Amino acid sequence: MLAASSFEKMETQTQTTMEAKETTRKRMSGSEALMQSLLHEGVDLLFGYPGGAIMPVYDALYHYQDKLNHILTRHEQGAVHAAQGYARVTGKVGVCFVTSGPGATNAVTGIADAMVDSTPLVVISGQVGSALLGTDAFQETDVVGITQPITKWNYQVKRPEEIPEAIAKAFYIARSGRPGPVLIDITKDAQFAQFDFEYKPTKKVRSYTPKTAVDKDKVAEAVRLINLAKKPMALVGQGVVLGGAESELMEFLTKTGIPAAWTLLGLSAMPSDFEQNVGMLGMHGHYGPNVKTNEADLIIAIGMRFDDRVTGNVQKYATNAKVVHLEIDPAEINKIIYADVPVLGDVKESLPMITSMVSDNQHEEWLAEFKACDKIEEQKIIQPELHPVKEGLTMGEVVRRVTEKYDDDAIVVTDVGQHQMIANRYFKFKQTRSVVTSGGLGTMGFGLPAALGAKLGQPHRPVCLFVGDGGFQMTIQELGTIFQTQADVKIILLNNNFLGMVRQWQELFFDRRYASTELVNPDFQTIARGYGIAGEKVSDREDMDAAVERMAQHKGAYLLEVVVEKEGNVFPMVPAGASVSDIRLE
Amino acid sequence: MKQEFTLSIYSENHVGLLNQVTTVFTRRHINIESLTTSESAIPGIHKFTIVVFTSREQVNKLLLQIEKRIDVIKAYVFTADEIVHQEVALYKVKTEALLNGNEIERLVRQYGARILEVTKEYTIIEKTGHKRETQELFDKLDHFGVQQFVRSGRIAVTKLKDELLSNYLKKLEKEKSLLD
Ligand SMILES: Cc1ncc(C[n+]2csc(CCOP(=O)(O)OP(=O)(O)O)c2C)c(N)n1
């Protein structure tokens, strides 16, 4: 397949000569070619775990240690999540090495997570020798088959000559269009064999159109609807961040005066305190944007995909609104919500086209309606969460202390559960790419390794992980990686001795039958100490400030374990199957 | 409203593509009524012809999900009136049954079928046509005992002048050379 087809040969003369200059032929092994290819793609940091079928690659890596910093995690799932964290905060492609069989299957959860959350990754898996393929050889699994539905693209390399082109294509596909994970499976014999290496970056793939040119007619239609709308609402998704269109978004919003809500993955695409930012959509989002979705007469969806956690019951969603959908992935158009005006293409291109044509406008009264909702939420939910009268600490007050300590300018990483929703609701953001959270897959165990990756990607920014006592123990071994790399990750463990989110559902929808959600936990402080990580445990409100201060002052990783109320709940909440406007405040 | 659709899917000729295409259907519990794969008229490009019974809305979504696969070049959907399509059926009957009267021969003539092979034991009959026709012949032959029966997947060409894909490829070439 990777042999240049006649179509691909139809490149312009200038391009070919240019490429020829970029490369020189040199004899080397497939493994060394992999190192060279990664360097050509600008990789300097990667994550992984060695094993039999990928040993030649690790042997080559030995000679490239000065250029390629390989982080040895404690589990392949950790390697992938770390690469995800790295990719999410840098915008670069995250890279992992894993061995065949169990190494590759351990990577599956992270790959699936990256697929639903559109995170660019290149995962290299070792494979048994090509002669053994299909023989149930030791540590042989059909990794290409297993990962087919959870990768943007995957491919098995059986000859060293294929490596440069496969890697070039992998990076091109992973980062272009709607990003996603790519897996390249390399047989052991291809890693060993010698060939004449030459590298050409991929500039196009015949069967793949990363993005379509923006249709001017659609833009004009969108502009017409926006100008007419009395109650327009913008829904900001991760597409804005992935497209690097944050300033284009702000220009559009300031010119039109349209209230804007963000999805979980759209968080930090605009500043938290931006006047028109009306908060988070969805199940545990804010009251205003959920309720107002059904009052809006126009929804402008910008790089978001109407996930069911955002829409609630789709039959009762945006009932009064026309929908303009700005989206790079054609398969997302009309998938869940019918788009009256689909604007296909990169939002970085479509947004400015719209902005240049729309009329200056303000929607003060409409925006005031959101603020009125905020007041209700403030009184019913936010105040009790941040200033509780009860003795037990709430997750919200801890999150607020931490974000304030960092002047609202830290990167927040979360695991999955109640603490995730609380952290994302109460943390504040000044700059983009400040949130790393597992959205579409909701992967417990994501947080700790993702925080490590985020810190390595943005070493000069503080990284705060919020994690539950359940999810922490799913990848707790990555404390070892944090210790070994001396990464300065601040771990805030919100310990309720429960699988909190599941317990909340049991309380609300299963008559408090707490089946297997209560945890008898180890002494987390002792565990941290074993890994050489400093920390402390806090259970009283009056100790919080000083503890957060000590954590911030401490040079290096820190485990701040906060014992929070056992049976706290996250509100508001759109119950499963309900309409967004039936959001519950209690 | 559910109806029959024929999908023509053009892809690179890679190992594993069949799986990529079929999982788009199976994941959504959509039964594939028939499936045929072969080289297309364009060298190096593979063509899948798939028949499904579903709604227009659903089939449009399927199309986009299929095209989303990196190695798929383009997918088209047609209703029966936009294409010419056929299936091939083979029937194996005892030669004895054929010799015991002229009814089978009459059916073969009536249905525009033909006899492929005759041995002492068995006779193979072949019929090309729409599923309804090959089924009807089966039902009639079965009175005499059909020992084996097989029907191929649907093959189809459009009523348009060119292969749609050639136009698409030309357009693609133009766009991409503009990008360079
Ligand atoms: C790998 C995985 N298994 C199970 C779940 C289901 N689940 C979602 S939230 C949750 C509870 C999380 O508990 P904890 O980590 O203590 O966080 P809390 O909700 O208490 O903040 C569970 C079990 C999941 N999301 N991921």
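Lettering follows sequence order; numbering is per chain, from 1. Quantities reported herein were computed from a predicted structural model and do not represent experimental measurements.
Every residue meeting the side-chain contact (heavy atoms from CB on, under 4.5 Å) condition with B:Ala75, not counting sequence neighbours, appears here in chain and number order: B:Ile9, B:Leu63, B:Ile66, B:Glu67.
Using a 4.0 Å cut-off between charged side-chain N and carboxylate O, B:Lys131 and B:Glu4 make no salt bridge.
With respect to chain A, the highest number of heavy-atom pairs below 4.5 Å among B:Val72, B:Ile70, B:Asn60, B:Val24 belongs to B:Ile70. Contact count versus chain A (heavy atoms, under 4.5 Å) is highest, among B:Arg27, B:Arg69, B:Glu57, for B:Arg69.
When heavy atoms are compared at a cutoff of 4.5 Å, A:Asn154 does not approach chain B at all. Contact of A:Glu332 with chain B is made through the side chain alone, with heavy-atom distances under 4.5 Å.
Interatomic distance, NE2 of B:His85 versus OG1 of B:Thr49, reported as 11.5 Å (0.5 Å rounding). Rounding to the nearest 0.5 Å gives a distance of 10.0 Å between CZ of B:Phe48 and CD1 of B:Ile32.
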